[in-house]
Amino acid sequence: MQIPLPVRAPTWVSTRRLLEQKLSDIFKCTDLKQLKQLHAVIYKHDLQADLYFAPKLITGFSLCRQMALAVNVFKQVQEPNVHLYNSLIRAYVHNSQPSGAFCALFVMQYRGLWPDNFTYALLLKACCGMSELRLARMIHAQVEKLGFLADIVVPNSLIDSYCKCGLLGVGEARKLFTVMGERDIVSWNTMIGGLVKANELIEARRLFDEMPDRDTVSWNTMLDGYSKAGEMDTAFELFQKMAGRNIVSWTTVIYGFCKAGEMEMARILFDNMPAKNTVCWTTIICGYAEKGLAKDALSLFEKMEDTGFKLDDGIIISILSACGESGLLGLGRRLHASIQRTGYKCSTHVGNALVDMYAKCGSLNRALTIFNGMANKDLVSWNSMIQGLAMHGYGEKALKLFYRMKQEGFAPDRVTFIGVLCACTHAGFVDKGIHYFNAMETEYGVLQEIEHYGCVIDLLGRGGRLEEAFRLVRSMPMEPNAIIWGSLVVACRMHNASEYAKEVLHHLIKLEPTDASHFSILSSIHAAEGDWNSVASVRMQMKSTGTQKPSGASSIELDDQVHEFTVLDKSHPKSDSIYEVIDGLSLHLKPVGYFPKATAEVLS
DNA sequence: TTAGGGTTAG
């Protein structure tokens, strides 16, 4: 008798096994094409709702930054379990969408499922992105009640969340760290990292010295602290002393030297690194770019491409941002050309960075072309473009874009209003600006913050409405800062209101006693009034605080080289012909009514 | 748990 052989089952089982194997390899990879293919196969076998495959697909898609696809997979599952919810929450956290993570939590609880310790650890990560102290405290109370604090991952995540909530949070973290029964190296490292980020370097070092054992992460955290604080002697001493240096250690110290302006030292370390990745290339290129050293930045960028490092969002955004900061249009365009040549798929972030770079470098048409061509604009795209137009005096165009933005369904936020108010200032629309300032809270529900007050005070001041500007400063619900007083100084000088200016400068000197420019403006006002006694007293005050007057400088980029000039500067090799051109320009300007302004301040 | 990174007034 012939026994019927099962035909379908083994095929099915082997397909499943094969898929399981394939997926276990792939779910850490970020290749969307591969993942989509696998998803199609899984779908063909009707396994998309399988509780083994679905979480892996969700994780895969989230790593590829495809939240919509991840959510879609989740929705296919009829009865999701805690594990699946955790995958979805992890996906939201990974894609910096903390609100999505919390929504998933509410739905999960609504469906009668209890979050476990993993859920809470993930939610705490989501809290990190939100920097919400209240939320961290709420979760703290809950995990304590549920007994999840016993799992060391949970208190460690709590410390991390607390640390990201500012100084108050670091205090809470410190309390928890002190009472923790068991601490592992992660607890120590996280606590030290939190202190470092809060600029509590001395306390961080105390804990670092107190640690039972240190790993590379512990050393790197301290290196980061000293590098960011500009204490490069100590940072370098630690770097030399430490064992088990890794690429992060090298990059951290290189970053520190770049920020301190010690590019030679940064370069020596960079050239001697045992291995390089995109992060350290980015660090050194941006180091050069931020210092305006366009040639070095460009040659290193080309070297990086020759070495075979592929572009990623990190490099592109960092370098473009540095270009915008220093006005290095050449490097920015070169990078843009690389993006186009390699067919790099621009994310919205990269698009925004390009818009910002071109706008800041004064190439508004290019910024507009990129902006108009962007398929997925977000709020930042609109804000960057509005700000770009406003910055260059195109107030009307900026406001038009603001209307278009609203028409397309985007709700303006605090940054949008900074752009809008700035547009009104530069275009001289004083009343319009005041209208928007008043409307932002009542019509748009956006809180008026000190930055917005700053814009309006600047707007009033430049518009010559000094009385109103001062009235607004006095009625502000917050303490005016140096920026507010600074814009008033500008206004007072524009409108020759020396009595007001003196009052304002005294506030400024109190707030920023080491900033020489305040002293020099004050002394120039006294000088203009012929009050030489006061001039002498300001100079004395400057000397006693050890403040020196820095010279103002203008710079221009030409053939990938930034040329810097100061007042009466003759150091440029082509100085003679430059002055010839300036004299020529003055000859043309005088007949049409422009005269050079040479006050005591300029000549002092 | 450690390194680079998009919009913010003068």
Side-chain angles (χ1 to χ4, degrees), chain A residues 125 128 153 156-157 159-160 163 184-194 196-197 214-225 227-228 246-256 258-259 277-287 290 312-322 324 347-357 359-360 378-388 390-391 413-426 433 449-459 461-462 481-491 493 508 517:
Chain A
K125 285 224 169 60
C128 288
V153 176
N156 282 353
S157 306
I159 292 179
D160 199 21
C163 283
D184 63 4
I185 202 155
V186 177
S187 333
W188 284 90
N189 288 345
T190 313
M191 191 63 244
I192 294 173
V196 161
K197 292 254 150 46
R214 297 174 198 109
D215 62 3
T216 307
V217 175
S218 334
W219 286 90
N220 289 349
T221 307
M222 280 318 296
L223 283 184
D224 183 47
S227 290
K228 294 231 163 87
N246 64 9
I247 198 157
V248 177
S249 334
W250 286 86
T251 312
T252 308
V253 180
I254 291 172
Y255 177 83
C258 286
K259 285 283 145 160
N277 64 8
T278 54
V279 179
C280 64
W281 277 102
T282 311
T283 306
I284 187 102
I285 294 171
C286 287
E290 276 160 22
D312 64 39
D313 273 24
I315 306 176
I316 299 173
I317 294 169
S318 314
I319 300 182
L320 287 177
S321 150
S347 62
T348 303
H349 287 197
V350 169
N352 294 343
L354 277 168
V355 169
D356 178 55
M357 182 278 292
K360 285 213 177 108
D378 65 5
L379 192 58
V380 177
S381 328
W382 291 94
N383 288 349
S384 307
M385 199 61 245
I386 291 175
Q387 182 63 44
M391 212 163 42
D413 70 347
R414 50 189 301 280
V415 181
T416 318
F417 279 103
I418 291 174
V420 167
L421 294 173
C422 176
C424 294
T425 306
H426 289 284
E449 285 169 83
I450 193 153
E451 292 87 349
H452 304 108
Y453 276 95
C455 294
V456 180
I457 288 159
D458 192 34
L459 178 81
R462 279 173 194 267
N481 60 13
I483 296 166
I484 304 260
W485 293 122
S487 62
L488 279 175
V489 171
V490 175
R493 291 169 75 196
L508 263 176
S517 60

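Hydrogens, waters and symmetry mates are skipped; everything else that's a heavy atom, side chains included, is used. Lettering of chains follows the sequences in order, A, B, ..., and the numbering in each one begins at 1.
Across all strands, T282(A) comes closer than 4.0 Å to base atoms (heavy-atom distances). Among the heavy atoms of the strands lying under 4.0 Å from I315(A) is at least one base atom, whether or not backbone atoms are also near. As judged by a 4.0 angstrom heavy-atom cut-off over every strand, T251(A) is placed among the base-contacting residues. Within the nucleic acid shown, D413(A) has no heavy atom closer than 4.0 Å to any nucleic acid atom. Within the 4.0 angstrom heavy-atom criterion, no nucleotide atom of any strand lies near L421(A). Using a 4.0 Å heavy-atom criterion, one finds that K259(A) contacts no nucleic acid atom at all. Using a 4.0 Å heavy-atom criterion, one finds that G193(A) contacts no nucleic acid atom at all. In this structure, Q387(A) reaches the sugar-phosphate backbone alone: every heavy-atom distance under 4.0 Å involves primed, P, OP1 or OP2 atoms, never a base.
Defined by atom type and a distance below 3.5 Å, a donor-acceptor pair is missing between the side-chain atoms of T348(A) and D378(A). Residues D313(A) and S347(A) bring a donor and an acceptor atom of their side chains to less than 3.5 Å of each other. Side-chain contact annotation: S249(A) with N246(A), donor-acceptor N/O pair under 3.5 Å present. In this structure, a donor-acceptor pair under 3.5 Å is present between the side chains of D184(A) and S187(A). Neither side chain, N352(A) nor N383(A), offers a donor N or O lying under 3.5 Å from an acceptor on the other.
In this structure, the nucleotide among dG5(B), dA3(B), dG4(B) sitting nearest to the side chain of I317(A) is dG5(B). Closest approach to the I483(A) side chain among dT2(B), dG6(B), dG10(B) is made by dG10(B) (side chain taken as heavy atoms from C-beta onward). For I418(A), taking side-chain heavy atoms from C-beta onward, the closest of the listed nucleotides dT2(B), dT8(B), dT1(B) is dT8(B). Across dT2(B), dA9(B), dG6(B), the shortest atom-to-atom separation from the side chain of V380(A) is found for dG6(B). If you check dG6(B), dT1(B), dA9(B) against the side chain of H349(A), the one that comes closest is dG6(B). When each of dG10(B), dA9(B), dT1(B) is scored by its nearest atom to the side-chain atoms of N481(A), the top-ranked nucleotide is dA9(B). Here the nucleotide nearest the side chain of V415(A), chosen from dT8(B), dA9(B), dA3(B), is dT8(B). Here the nucleotide nearest the side chain of T283(A), chosen from dG4(B), dG6(B), dT1(B), is dG4(B). If you check dT8(B), dG5(B), dA3(B) against the side chain of V279(A), the one that comes closest is dA3(B). With dT2(B), dG10(B), dG5(B) as the candidates, the nucleotide lying closest to the side chain of R462(A) is dG10(B).
Side-chain atoms of D313(A) stay outside donor-acceptor range of the base of dG6(B), with no qualifying N/O pair under 3.5 Å. A donor N or O paired with an acceptor N or O is not found under 3.5 Å between the base of dG10(B) and the side-chain atoms of S487(A). The base of dA3(B) sits with one of its N or O atoms less than 3.5 Å from a complementary donor or acceptor on the side chain of N277(A).
Put simply, CD1 on I254(A) is 15 Å from C1' on dT2(B), counting in whole angstrom units. When the P atom of dT1(B) is taken as reference, atom CG of N220(A) falls 15 Å away, rounded to whole Å. One atom, CD1 of I457(A), and another, C1' of dG10(B), lie 12 Å apart when rounded to the nearest Å. As a whole-Å value, the separation of K125(A) NZ from dT1(B) P is 4 Å. Here dT2(B) presents its C1' atom at 15 Å from CG of D184(A), a figure rounded to the nearest Å. Between the C1' atom of dT7(B) and the CD atom of E449(A) lies a distance of 15 Å, rounded to the nearest Å. When rounded to the nearest whole Å, the span between CG of N383(A) and P of dA9(B) equals 12 Å. In this structure, Y453(A) places its OH atom 18 Å from P of dG10(B), rounding to the nearest Å.
Contact check, K228(A) against dG4(B): a side-chain N or O comes under 4.0 Å of OP1 or OP2. In this structure, S321(A) reaches the dG6(B) phosphate: one of its side-chain N or O atoms is under 4.0 Å from OP1 or OP2.
When atom types are taken as modelled, the side chain of N189(A) and the backbone of I192(A) share no donor-acceptor pair closer than 3.5 angstrom.
Summarising the geometry of G388(A) relative to A359(A), their closest heavy-atom pair is CA-CB, 3.8 Å, with the distance given to 0.1 Å.
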